[in-house]
Participant: 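I'd like to ask you about the structure that follows.
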Amino acid sequence: MFTLENLPKLAEEFFSEIADLSQLKKSSLFLCRSDGVPLYVRNELNSEFDSSTVGALLGGVWQAAKAMASFIPTTDESDIFRLSFDTSDKGIYIVPISLGEEEVYLGLIYYGEVNPGMIKAKLRDISWRLAEFWSMTDIQERLGSSESLFNNITDAEMDNLFSSTLQ
C-alpha cells in the first residue's frame, strides 16, 4: 500500500530503469515531498549545491505559489497548475504529482536550452508516467505480489476459461 517510505526506492527504480532522461542533459531533476524533503535528485549541472536546501526551497516556492493562486477568482479544483520561472534558455520548472493521497513535486533547474518548451513537455510527461508507475506498483502491493497476475494458470484453467457451453 502507498507509503512515502517506499517512494525513494521506487523513484530510483523509475528514473534509472523506466524514465527516459536523455533530453535533460543540462539540468538538475528533483522529486520532493510537499514538505521539501528530497526523494530523488539527479544533478547534471556543473555546480555544487545541497539537495536538502534545494528541496526545501522547491517545496516552499510551490506552497507560496499555491497560496497566491488561491486569490484567482475562477480557480477550479481540477486545474493542474505548474510553476515556471525562466528566461529564454534557463530556468526552473515545477509540476505537482498526486501519488495516492499524497502530493509530491517534480522540479527541474535547467540552463543553455535551445527548446525549453520541449523539456517542460518532457517533464510533464515524466510526471504522468511516474504517477502511473506508482499506481501500478500500489495495485501490485495491495494484491500482495510483485509478480504477474497470470503466472500460475494451468492448462485446465485455460481450457475452462475458453470452453463454451452455449446452446
Side-chain angles (χ1 to χ4, degrees), residues 2-141:
F2 177 83
T3 62
L4 282 176
E5 290 79 34
N6 298 345
L7 192 52
K9 183 183 93 164
L10 289 170
E12 181 67 37
E13 179 183 342
F14 174 78
F15 287 113
S16 65
E17 298 176 18
I18 296 170
D20 176 17
L21 303 178
S22 63
Q23 295 172 325
L24 306 177
K25 294 186 190 313
K26 298 178 184 176
S27 63
S28 288
L29 181 70
F30 300 89
L31 180 66
C32 298
R33 294 187 334 202
S34 58
D35 62 1
V37 173
L39 300 168
Y40 175 84
V41 177
R42 178 179 169 263
N43 183 9
E44 296 289 321
L45 295 175
N46 291 330
S47 62
E48 293 294 320
F49 58 83
D50 178 22
S51 60
S52 295
T53 300
V54 172
L57 291 169
L58 188 145
V61 75
W62 182 265
Q63 295 301 324
K66 197 171 178 179
M68 288 182 70
S70 70
F71 298 124
I72 301 171
T74 58
T75 301
D76 184 3
E77 288 296 319
S78 65
D79 289 339
I80 299 173
F81 283 94
R82 297 161 309 274
L83 180 67
S84 183
F85 183 77
D86 56 11
T87 64
S88 61
D89 70 333
K90 59 186 168 285
I92 301 164
Y93 191 61
I94 305 169
V95 295
I97 305 171
S98 292
L99 302 178
E101 295 184 17
E102 298 293 330
E103 186 171 69
V104 296
Y105 308 118
L106 185 62
L108 185 71
I109 300 172
Y110 63 92
Y111 79 100
E113 282 298 329
V114 176
N115 188 353
M118 182 267 310
I119 64 165
K120 289 177 183 180
K122 179 67 177 174
L123 195 69
R124 288 190 305 272
D125 181 62
I126 289 170
S127 71
W128 297 326
R129 289 177 188 269
L130 178 59
E132 184 177 286
F133 175 74
W134 182 259
S135 68
M136 294 303 294
T137 302
D138 191 34
I139 288 169
Q140 287 178 343
E141 286 181 7

Participant: For R124, is the CZ atom crowded, meaning more than 12 foreign heavy atoms sit under 6.0 Å from it?
Facilitator: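 Counting other residues, nucleotides and ligands, CZ of R124 exceeds 12 neighbours.
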Participant: Is it the case that atom CD in E132 sees more than 12 heavy atoms from other parts of the structure closer than 6.0 Å?
Facilitator: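 Not buried by this count: 12 neighbours or fewer within 6.0 Å.
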Participant: Check whether any side-chain heavy atom of F81 lies under 4.5 Å from a side-chain heavy atom of I94, and answer yes or no.
Facilitator: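 Not touching, per the 4.5 Å side-chain cut-off.
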Participant: Should the pair F15 and Y40 be assigned to parallel (<30°), tilted (30 to 60°) or perpendicular (>60°) ring geometry?
Facilitator: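 Parallel, since the angle between the ring planes stays under 30°.
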Participant: Could you walk me through whether I18 and F133 pass side-chain contact (heavy atoms from CB on, under 4.5 Å), step by step?
Facilitator: CA-CA 9 Å; I18 296 170; F133 175 74; 3.2 Å; yes
Participant: Quick one: pull up OG in S52 and CG in L57 and give me the separation to the nearest 0.5 Å.
Facilitator: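 Reported value, rounded in 0.5 Å steps: 11.0 Å.
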Participant: Can you confirm whether D86 sits close enough to I92 that some side-chain heavy atom of one is under 4.5 Å from a side-chain heavy atom of the other?
Facilitator: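 When only atoms from C-beta onward are counted, I92 and D86 do not touch, as no gap falls below 4.5 Å.
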Participant: Strictly distance-based, threshold 3.5 Å: is any side-chain N or O of K122 a donor or acceptor partner for the main-chain N or O of D20?
Facilitator: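 Yes: the side chain of K122 pairs with the backbone of D20.
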Participant: Atom CG in L29, atom CD1 in I109: separation rounded to 0.5 Å?
Facilitator: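 Between atom CG of L29 and atom CD1 of I109 there are 10.0 Å.
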Participant: Could you check if a side-chain atom of V54 sits within less than 4.5 angstrom of a side-chain atom of F30, using non-hydrogen atoms only?
Facilitator: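 They are in contact (side-chain heavy atoms under 4.5 Å apart), so the answer is yes.
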Participant: How far does CG of L21 sit from CD1 of I119, to the nearest 0.5 angstrom?
Facilitator: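 It comes to 12.0 Å.
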Participant: For N43 versus S28, what's the shortest heavy-atom pair and its separation?
Facilitator: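 Scanning both residues, the minimum pair turns out to be OD1-OG, 2.6 Å.
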Participant: Step by step, would you call I126 with F14 a side-chain contact (heavy atoms from CB on, under 4.5 Å)?
Facilitator: CA-CA 10 Å; I126 289 170; F14 174 78; 3.9 Å; yes
Participant: Of all the heavy-atom pairs spanning I97 and A131, show the shortest one and how long it is.
Facilitator: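 Heavy atoms only, the tightest pair is CG2-CB, 3.9 Å.
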Participant: Do L31 and L130 have side-chain heavy atoms sitting under 4.5 Å apart?
Facilitator: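 Touching, per the 4.5 Å side-chain cut-off.
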Participant: Of all the heavy-atom pairs spanning E103 and W62, show the shortest one and how long it is.
Facilitator: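 Heavy-atom minimum between the residues: OE1-NE1, 4.0 Å.
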Participant: Tell me the closest heavy-atom pair linking S51 and V41, and the distance in Å.
Facilitator: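 Smallest heavy-atom distance, with atoms named: CB-CG2, 3.6 Å.
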Participant: Less than 4.5 Å apart, any side-chain heavy atom of L83 and any of V61?
Facilitator: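 They are in side-chain contact.
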Participant: Test side-chain contact (heavy atoms from CB on, under 4.5 Å) on V114 and D89 and set out the steps.
Facilitator: CA-CA 6 Å; V114 176; D89 70 333; over 6 Å; no
Participant: Distance-only, no hydrogens or angles: does the R42 side chain make a donor-acceptor pair with backbone N or O of S16 under 3.5 Å?
Facilitator: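 Looks like no, no N/O pair under 3.5 Å.
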Participant: Atom NZ of K26 and atom NZ of K90: how far apart are they, to the nearest 0.5 Å?
Facilitator: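 Those atoms lie 11.5 Å apart.
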Participant: Compare every heavy atom of Y105 with every heavy atom of R33, then report the nearest pair and how far apart it is.
Facilitator: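 What the structure gives for the nearest pair is O-CD1, 4.0 Å.
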Participant: Looking at every heavy atom in both C32 and P38, which two are closest together, and how far apart are they?
Facilitator: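 Shortest heavy-atom contact: SG-CA, 4.0 Å.
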Participant: Could you pull out all residues at least two apart from Y110 that satisfy ring pair (Phe, Tyr, Trp, His ring centres under 6.0 Å)?
Facilitator: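 Listed in chain order: nothing, the list is empty.
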Participant: Donor-acceptor check, side chain of K25 to backbone of S22, threshold 3.5 angstrom: yes or no?
Facilitator: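 Pair found, side chain donor or acceptor close to backbone of S22.
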Participant: Could you walk me through whether S34 and Q63 pass side-chain contact (heavy atoms from CB on, under 4.5 Å), step by step?
Facilitator: CA-CA 8 Å; S34 58; Q63 295 301 324; 4.2 Å; yes
